[in-house]
Structures are given as structure tokens and as C-alpha cells.
Amino acid sequence: MATGAERVSGDALDGTGLDEAAAVFTSVRPRLFGIAYRMLGSAAEAEDLVQEVWLRWQAYDRTRVEHPAAFLATTTTRLAVNALKSARARRETYIGPWLPEPVDTAADPYLGAERGEALEIAALLLMERLSPSERAAYVLREAFDYPYAQIAEILQASEAAVRQLVSRARKRMAEGRRKRVRPEAQRTLLAAFLAAAESGDMAGLEQLFAADVTSLSDGNGAHQVSRRPVVGAARVANFLQAIAAWFWAGVDIELVDLNGQTGAVLRRDGELYGVITVSASDEGIDQVLWMVNPEKLTALPQRG
């Protein structure tokens, strides 16, 4: 496979060559976006990165590339590793909890078409604990089933080192996550949670929660958005009861497929207002994630 060095080829300026380049790129674009999104946790940043890959693909001497799909995946992954390093520096100034941007996987079925691993918002949040190299190795192996040898080539590491990266990543992911309930059970729990939260039913909420449930709200400092995690069944129930009178006023709720599981899209006066997802184990709902930063909702359909 060619390396990341860039040269402008003769056909880079030729219309026929660009048509062929575009056809190749379009055929693998869903996978490239899937890699970038899982690496960055941001649909907007993933789109920008994939556009950068396209610009590089146009300018590259494509006659040197034996396997275009592998070349493009390599370019995407390496750019994503670098982008993740700078993104983490920016997140240090973020106000309150930072959560990944939700994506509508019903509107973009290709995102989870190959394998749904490393796509749920809770999983993306856990991946923030991984180093950029661990995250890349984990995403390529778990979400796209790349062979270790190919991951090693992409990351410019030995196969033994890549196996260690994947092993460490799996352990760190497992440490922070219980076994998930089946999708239909998660949907049922989310619907029950929404009904109890709207009515301020504390007893009903506490029955749904695991003892150590955590509520995280992403608003980047927005007014009336909690800037700290709320932990524990009683505390989360109290928090929800306290906001019930004003938060749900005039809000319409739609259950949709977000990141491969059911989430709730909230609209107020027809305008997209926020997203709620829950993750759950046999012990009950153990995480409630609220996205109410408008900048995090741009990848969702703006239905009126």
C-alpha cells in the first residue's frame, strides 16, 4: 500500500480520472465516515475529516495505490488519530460533561450496517478513556473486523503491539460497562423513564434505576443545565422531580434509532431541543444521557 506522502498525478487534473476517483471514494465513504465518527464522537468533525480525505485522494498519485479502499481507510484513521489529540485539548475548556454527538442511524443505516459495535453513545463515551492509538485499534478490530496485520500497517506498529492495544482497550471498555439488556428491553425502559420523568413520579423513577445510576447533561454551560454528574437513584430521581415542572412544558417526544439503539428526540414548538438516551443492565437504568447543546444536534433530521 502507498504511504501518506502526497503528489499530484497527471490524472488528478483530468476529468475522467476524477470521475473514477469519485466513484471509488463514494463506494467506501460510508465506512470512512463510520471510522471517523467512532474515533471522534462528533458527526460534524467526522464529516470535515472525510472531506479532507477526499481532497487528499483527488491530489494523490492514484496510480501508486493498489488497494484504494485500504489506502483511504488508512488515511482516514491516521488523520483521526491526529484530530482526536487536538479535539481532547479543546474539550478541556468545555463547560460541564462532554458527550458524543448523536446520529440518527435510521436515517443513515450504513453507519451501523457492517457491525454495530463501538457506536452506542455510552460506548463512545467510554472510549474517551482510551489513548488515540488504542481507540483506533479497537474501532478497526471491533467495529470493522480488520485483521491485526492490516491494523498494524495502518497504525505503523507491529502486529504484537496492535494485539496489545486491542487487548488493553477491551479491558478498559469492559471495566466501565455492565452487560447490556436487549434492544427491546432498553426501549421499554426508556419509554417508562420518560413517562415517570414527565410526571415527576419519584417512586416510579427509583424503581427503574440501578442503585448507582448516573445522569450526565451536555449543555456546554447553558442556563439551567446541570454542569456536574448526578449520581445515585434517589439523587437522580430528586433531580428529575425538580425539573419536571418546566423542562417538559410544551415538549414533544419522538422515539428514534440513535446510534443503534432507541433514543428520544425532544422538540419544543417544532424546534429540535434535545436528545435523551439511557443505557441499562439487568440492574436497571444505569446511565441517563442528556444532549441539549444545539451544536451537538446538527446531525439529526430537523423535522417540523
Side-chain angles (χ1 to χ4, degrees), residues 30 33-50 80 83-84 87 90-91 94-128 135 139 143 173 176-177 180-181 183 186-187 189-191 193-194 197 214-222 225-226 229 247-248 251-268 270-280 285-304:
F33 179 81
I35 293 172
Y37 174 71
R38 287 170 171 87
M39 283 291 295
L40 301 175
S42 165
E45 290 176 12
E47 288 285 1
D48 289 344
L49 190 146
V50 171
L84 185 57
R90 293 195 303 273
R91 288 169 196 171
Y94 201 82
I95 302 173
W98 181 94
L99 296 177
E101 292 179 19
V103 289
D104 185 344
T105 36
D108 185 7
Y110 292 106
L111 186 57
E114 296 185 72
R115 299 181 75 184
E117 281 79 357
L119 185 59
E120 291 179 10
I121 292 174
L124 291 169
L125 185 58
L126 275 177
M127 282 195 285
E128 290 293 304
R135 187 162 181 166
V139 165
M173 293 290 289
R177 204 170 192 210
R180 302 293 90 192
V181 296
Q186 185 267 344
R187 183 183 180 91
L189 284 168
L190 173 62
F193 164 81
L194 293 168
T214 299
S215 173
L216 295 173
S217 304
D218 182 331
N220 196 20
V225 178
S226 176
F247 181 86
W248 302 101
V251 169
D252 294 316
I253 302 171
E254 179 186 9
L255 296 184
V256 299
D257 186 1
L258 296 176
N259 294 71
Q261 66 174 179
T262 304
V265 172
L266 313 181
R267 289 185 174 83
R268 178 172 285 154
E271 297 293 325
L272 195 56
Y273 175 62
V275 164
I276 300 173
T277 63
V278 302
S279 58
I285 294 172
D286 51 33
Q287 203 168 48
V288 183
L289 304 177
W290 311 68
M291 278 67 75
V292 287
N293 177 355
E295 295 179 359
K296 294 285 191 77
L297 305 175
T298 57
L300 301 179
Q302 303 289 323
R303 302 186 187 99

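For clarity, every value in this text was computed on a predicted model and none was experimentally measured.
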Novice: Which residue is it: L289, T277, V292? I am looking for the one with a side chain to side chain contact (heavy atoms under 4.5 Å, CB included) to L99.
Specialist: L289
Novice: Can you name the nearest heavy-atom pair linking F193 to I285, along with the distance?
Specialist: CB-CD1, 3.9 Å
Novice: With side chain to side chain contact (heavy atoms under 4.5 Å, CB included) as the test, would you mind laying out the steps for L266 and M291 before giving the verdict?
Specialist: CA-CA 10 Å; L266 313 181; M291 278 67 75; over 6 Å; no
Novice: Locate the shortest heavy-atom distance separating S217 from P97; write the atom from each residue and the value.
Specialist: O-CD, 3.4 Å
Novice: Of the non-hydrogen atoms in G260 and T105, which two are nearest, and what is the gap between them?
Specialist: N-OG1, 2.9 Å
Novice: Rounded to the nearest 0.5 Å, how far does CG of N220 lie from CD of E295?
Specialist: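 It comes to 7.0 Å.
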Novice: Write down the atom of P102, the atom of N259, and the distance for their closest heavy-atom approach.
Specialist: CA-OD1, 3.4 Å
Novice: Backbone N or O of T262 within a donor-acceptor pair of the Q186 side chain at under 3.5 Å?
Specialist: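 Confirmed, Q186 side chain pairs with T262 backbone.
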Novice: Do the rings of W290 and W248 sit parallel, tilted or perpendicular, given the 30° and 60° boundaries?
Specialist: tilted
Novice: Closest approach of L40 and A46, non-hydrogen atoms and distance?
Specialist: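 Scanning both residues, the minimum pair turns out to be CD1-N, 4.1 Å.
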Novice: Going by the rule salt bridge (charged side-chain N to carboxylate O under 4.0 Å, His left out), which residues pair with R187 if we only count those two or more places apart in sequence or in a different chain?
Specialist: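 Per chain and number, R187 pairs via salt bridge (charged side-chain N to carboxylate O under 4.0 Å, His left out) with no residue.
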Novice: For a quick test of reading the model, state the closest non-hydrogen atom pair linking A87 to E45 and the distance between them.
Specialist: CB-OE1, 4.1 Å
Novice: Between R180 and E120, does at least one N-O distance fall below 4.0 Å, as a salt bridge requires?
Specialist: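 No salt bridge links R180 with E120.
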Novice: Counting C-beta onward and ignoring hydrogens, is there a side-chain heavy-atom pair between N293 and W98 closer than 4.5 Å?
Specialist: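 No, side chains not in contact.
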Novice: What's the spacing between K296 NZ and S42 OG if we round to 0.5 Å?
Specialist: 7.5 Å
Novice: Checking side chain to side chain contact (heavy atoms under 4.5 Å, CB included) for the pair L255/L194: CA distance, chi angles, key distance, verdict?
Specialist: CA-CA 10 Å; L255 296 184; L194 293 168; 3.8 Å; yes
Novice: Within the side chain of R268, is there an N or O that forms a donor-acceptor pair under 3.5 Å with the backbone of G274?
Specialist: no
Novice: Please round to the nearest 0.5 Å and tell me the distance separating atom CD1 of I121 and atom CD of Q261.
Specialist: 7.0 Å
Novice: Taking the side chain as everything from C-beta on, heavy atoms only, tell me whether L49 gets closer than 4.5 Å to M39.
Specialist: no
Novice: With no hydrogens and no angle check, is any side-chain donor or acceptor of Q287 less than 3.5 Å from a backbone partner on S279?
Specialist: no
Novice: Can you tell me how far CG of L189 sits from CG of D286, rounded to the nearest 0.5 angstrom?
Specialist: 10.0 Å
Novice: Just so I know, are the side chains of L119 and Y37 near enough to count as touching, which here means a heavy-atom distance under 4.5 Å?
Specialist: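 A side-chain contact exists here, since the closest heavy-atom pair is under 4.5 Å.
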Novice: Is any side-chain heavy atom of V256 less than 4.5 Å from a side-chain heavy atom of L300?
Specialist: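 No; the side chains remain at least 4.5 Å from each other.
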Novice: Report the distance from atom CG of L258 to atom CD1 of I276, rounding to the nearest 0.5 Å.
Specialist: 11.0 Å
